[in-house]
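Below you'll find the structure, written out as structure tokens, and then a few comments.
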Amino acid sequence: MARIVRFHCHGGPEVLRIEEVEVSPPGPGEVRIRVKALGLNRAEASMRNGTYIETPALPSGLGLEAAGIVEALGEGVDGFATGDAVSIIPPRSIARWPAYGELITVPVELVVKHPPSLGFEAAAATWMQYLTAYGALVDTARLGRNDFVVVTAASSSVGLAAIQIAKKLGAIPVAVTRTSSKKAALLDAGAADVVASQEEDLEARLKEIAPQGVRVVFDAVGGPIFRPLAAAMSRGGILIEYGGLSPEPTPFPLFDVLAKTLTLRGYLVHEITGDAARLEAAKRFILDGLASGALRPVIARTFPFDKIVEAHRFLESGEQFGKIVVTV
Ligand SMILES: NC(=O)c1ccc[n+]([C@@H]2O[C@H](COP(=O)([O-])OP(=O)(O)OC[C@H]3O[C@@H](n4cnc5c(N)ncnc54)[C@H](OP(=O)(O)O)[C@@H]3O)[C@@H](O)[C@H]2O)c1
């Protein structure tokens, strides 16, 4: 038996319940992990409230990120042994491979031996944020030295990962955050400049920071900031849209797109996690960054497993700076 988090109906954080369930042994090609820490993601709040790209059958489990110790191996699994410290690459389906539990079972191709010095909490806060930012900035936008890159929702885990990756590449990360309350922390985290989108003229400030235009925009927000973001971009620039945090409609910036031949591109981390070769390259980049210290997961707050409802409330508060972690 193991305790896992499930929800029986869609709704707010209060629909999450911890339930005792029977756990079957790992099947062929699967690994069972005794979880030590979980990383929380906005996608999980969306699936819980019924607005995610995946619609689960109810009751459903939840969760995309975990780190722990290998407890059992299914038939045909090589390269791992019981007792290994591991973390998981976010699965394509949350409902099929939910991570919020004391014991989880995942396909071996999603299991990574992270450097033990990282610790379980940081390991559970690693793969979603760095894979998402890597896939957009390195694999897609080919971000390079001295490129300006604008990162919105900059204090999110993915936003901070993008700032660290941009710095590792020698690019110039400009953070966009809603208010000035997180400005100092974003500068400390490596942003070359910070714009508070609800308090400043976003277009004017970005044009002042990058007079030649911003080549890459990495946006999780959409809504009204879309127009000033496009207006500040350089000819041939690329805007990668990877979230929809704004509840407001997103205007299409027709004349900027036309006049500057901009690329507006939707992006999902599944593009990387679903392609073995690209995933291997991403893992090498991230493990190298963790080893050198260029990449360092920022943990906003840690909650115990029993406080999963409070952890989800904090996730949705928008007050965090970095990743929310739950210890099991
Ligand atoms: N496409 C993909 O494959 C993929 C993968 C992973 C994550 N994502 C997306 O990436 C985004 C970040 O995810 P996360 O889990 O790292 O962090 P998160 O907890 O969703 O992000 C929190 C941050 O988002 C900003 N924010 C919150 N509410 C907002 C609102 N109403 N309008 C504008 N900004 C708001 C705030 O940043 P400031 O206070 O700095 O403004 C807040 O600190 C989410 O939208 C998520 O869905 C997409």
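Counting begins at 1 with the first residue of the sequence. Just follow the structure's listing: the first ligand is 1, and inside any ligand the first atom is 1. Remember, it's a predicted structure, so these values are computed and weren't measured experimentally.
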Task: Proximity to ligand 1 by part of Tyr267, non-hydrogen separation under 4.0 Å - done: backbone

Task: N/O separation below 3.5 Å, Thr132 to ligand 1 - done: no

Task: Option whose closest heavy atom lies nearest to atom 7 (C) of ligand 1, chosen from Val158, Ile53, Leu64 - done: Val158

TODO: Consider every N or O of Val269 and every N or O of ligand 1, then say whether any pair is closer than 3.5 Å.
DONE: yes

Open item on the list: Is it the case that ligand 1 has an N or O less than 3.5 angstrom from some N or O of Leu40?
Closed with: no

TODO: Enter the distance from Leu62:CG to Ile308:CD1 here, rounded to the nearest 0.5 Å.
DONE: 7.5 Å

Task: Any N/O pair Lys182/ligand 1 closer than 3.5 Å - done: yes

TODO: Report the part of Val221 (side chain from C-beta onward, or backbone N, CA, C, O) that has a heavy atom under 4.0 Å from ligand 1; answer both or neither where that applies.
DONE: side chain

- [ ] Identify, by atom number and element, the atoms of ligand 1 in contact range of Leu315, meaning under 4.0 Å from any of its heavy atoms.
- [x] 19 (O)

TODO: For the pair Gln129 (side chain) and Leu160 (backbone), establish whether a donor and an acceptor sit closer than 3.5 Å, ignoring hydrogens and angles.
DONE: no

TODO: Could you tell me whether Arg3 sits above the aromatic face of Phe305, with NZ or CZ closer than 6.0 angstrom to the six-membered ring centre and within 45 degrees of the axis?
DONE: no

Open item on the list: Quick one, Ile238 and Thr140 - any side-chain contact, counting heavy atoms below 4.5 Å?
Closed with: yes

TODO: Classify the contact between Gln320 and ligand 1 as side chain, backbone, both or neither, using a heavy-atom distance cut-off of under 4.0 Å.
DONE: both

Open item on the list: Going by the closest heavy atom to atom 28 (N) of ligand 1, which one wins out of Gln129, Glu44, Arg178?
Closed with: Arg178

Task: Single-linkage hydrophobic cluster Val31~Leu64, side-chain heavy atoms < 4.5 angstrom - done: yes

Task: Flag, side chain of Tyr100 to backbone of Ile18, donor-acceptor distance under 3.5 Å - done: no

Open item on the list: Would the distance check show the side chain of Arg32 and the main-chain N or O of Ser24 forming a donor-acceptor pair, the cut-off being under 3.5 Å?
Closed with: yes

Task: Part of Ala154 with heavy atoms under 4.0 Å of ligand 1, whether side chain, backbone, both or neither - done: backbone

- [ ] Answer yes if the side chains of Ser155 and Lys182 hold a donor-acceptor pair under 3.5 Å, and no otherwise.
- [x] yes

